[in-house]
Amino acid sequence: MVYIMKININKNYLNLKESYLFSDINKKVKAYKELNPNADIIRLGIGDVTRPLPKVISDAMSKASLDMSEKDTFKGYPPEFGYDFLRERIKSYYERYNVSLNLNDIFVSDGAKSDIGNLLDIFGNNTILIPDPVYPVYVDTNIMKNNNVIFINGNKENKFLPLPDDSLENKPYIIYICSPNNPTGAAYNYKELALWVSFAKKTGSLIIYDAAYEAFIQSSDIPHSIYEIEGGKDVAIEVCSFSKFAGFTGIRCGYTVVPSNIEVDGVYLNKLWGRRQSTKFNGVSYITQAGAYACLSDEGILECKKNLSYYMENAKLLKDFFLEKGLWFTGGISSPYIWLECPNGMSSWEFFQFLLEKCNVVGTPGAGFGKNGEGFFRITSFGTHEATKEAIERMKKVL
Ligand code: MLT
């Protein structure tokens, strides 16, 4: 029996698509699998890692878990913004790119996705500037808040790297930038990112910079952090994650940098975010932070990079195959994602269905990332070598 209540809900949620992109995909794959129980599905859709954790990380986590069973080393609530041992390591990691951070500007969290959504708690309603195509979380969280979202077009002409131009009003925005980009794999170089920083300065805007894929950068021309750009610390909050770098998609750890010098309405954003976090978040477990700490040791970085190289070998195989087929794509160089134009004028979902049925390969339809994603398709290189090679063999037969 349905029981009807009389309280109010946040009606903005009714403006969202019924389900999240990757839930939609899972439903379609599940339905296909029910009809074809013997289908051997290869999943190159959601960007989930497959390499096991480097031993240096799991050893550190094992040791931390033993600490929890000893009277002298047991830990209760973690410090609300992260253990200093991890914040120090994050700070040193940035020094590799000549970025100097204050410890108090680093907030350890359970991952980039939650921080990206939660950050909106500290802002009123603003006009939001979001590139299209885009990671759906940026859009959906703004719909939940009834913000006015303006899309800037990423397309084949600008190689999916839109830049600020005269069509944008001279007014303050919250701007979302993800580089290397999810879903397109395209990455801004220093000069291009500097254009965004100066646009933000000129308009009094804030950039929310998603650096979740920075560890994949292979070119010295591409910044790892927006703080490498002069003035970046005046205009940007940077969100990053251990998910893809260290294989923490299941463990959950990330961080957000809120520079202490940014002031809005007479309030420091850093203070506001600290207030938000200490009220609504109880920190990340000691065991997880010990793992993240090990990941940022010299050995940890080396081992994590070996896993990234493994994925990039997959990316190369996929890229070579798409090149051979004469398909247009971006990504796959400083990014685990390859963003290709669907063959034969197929729509994104048509190509999704085609690959699912003809090859039992799952990718992500570009249309799920926005209107400009229509006609494009995202394939990840996060699979195993075996699965990636097998997917290519199967695609060879039908493309
Ligand atoms: C993706 O496939 O876009 C990502 O795995 C999603 C995420 O990082 O939340």
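Both counts, for ligands and for their atoms, begin at 1 and track the order of listing.
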Original post:
Under a 4.0 Å heavy-atom limit, does Ile46 contact ligand 1 with its side chain, its backbone, both, or neither?
Top reply: both
Original post:
Relative to the heavy atoms of Asn182, which atoms of ligand 1 are at a distance of less than 4.0 Å?
Top reply: 1 (C), 3 (O)
Original post:
About how many Å separate CD1 of Ile106 and CZ of Arg87, when rounded to the nearest 0.5 Å?
Top reply: 6.5 Å
Subject >> Sub-4.0 Å atoms of ligand 1 with respect to non-hydrogen atoms of Gly47 >> reply: 1 (C), 2 (O), 5 (O)
**OP:** Take the angle between the ring planes of Phe216 and Tyr213 and call it parallel below 30°, perpendicular above 60°, tilted in between.
**Re:** tilted
**OP:** Tell me, yes or no, whether the heavy-atom count around Glu169 atom CD, taken from other residues, nucleotides or ligands under 6.0 Å, exceeds 12.
**Re:** no
Original post:
Hey, is Tyr337 touching ligand 1 through its side chain, its backbone, both or neither, going by heavy atoms under 4.0 Å?
Top reply: side chain
Subject >> Geometric class of the Tyr310/His385 ring pair [parallel <30°, tilted 30-60°, perpendicular >60°] >> reply: parallel
Original post:
Any side-chain heavy atom of Val239 sitting closer than 4.5 Å to one from Ile208?
Top reply: yes
**OP:** Kindly check if the number of other-residue, nucleotide or ligand heavy atoms within 6.0 Å of OH (Tyr268) is above 12?
**Re:** no
Subject >> For atom 4 (C) of ligand 1, closest protein heavy-atom neighbour >> reply: Lys244 NZ, 3.4 Å
**OP:** Number the atoms of ligand 1 from 1 as they appear, then name those within less than 4.0 Å of a heavy atom of Phe22, with their elements.
**Re:** 1 (C), 2 (O), 3 (O)
**OP:** Could you tell me whether Tyr135 and ligand 1 have an N or O pair separated by under 3.5 Å?
**Re:** yes
Original post:
Is Arg378 in polar range of ligand 1, meaning some N or O pair under 3.5 Å apart?
Top reply: yes
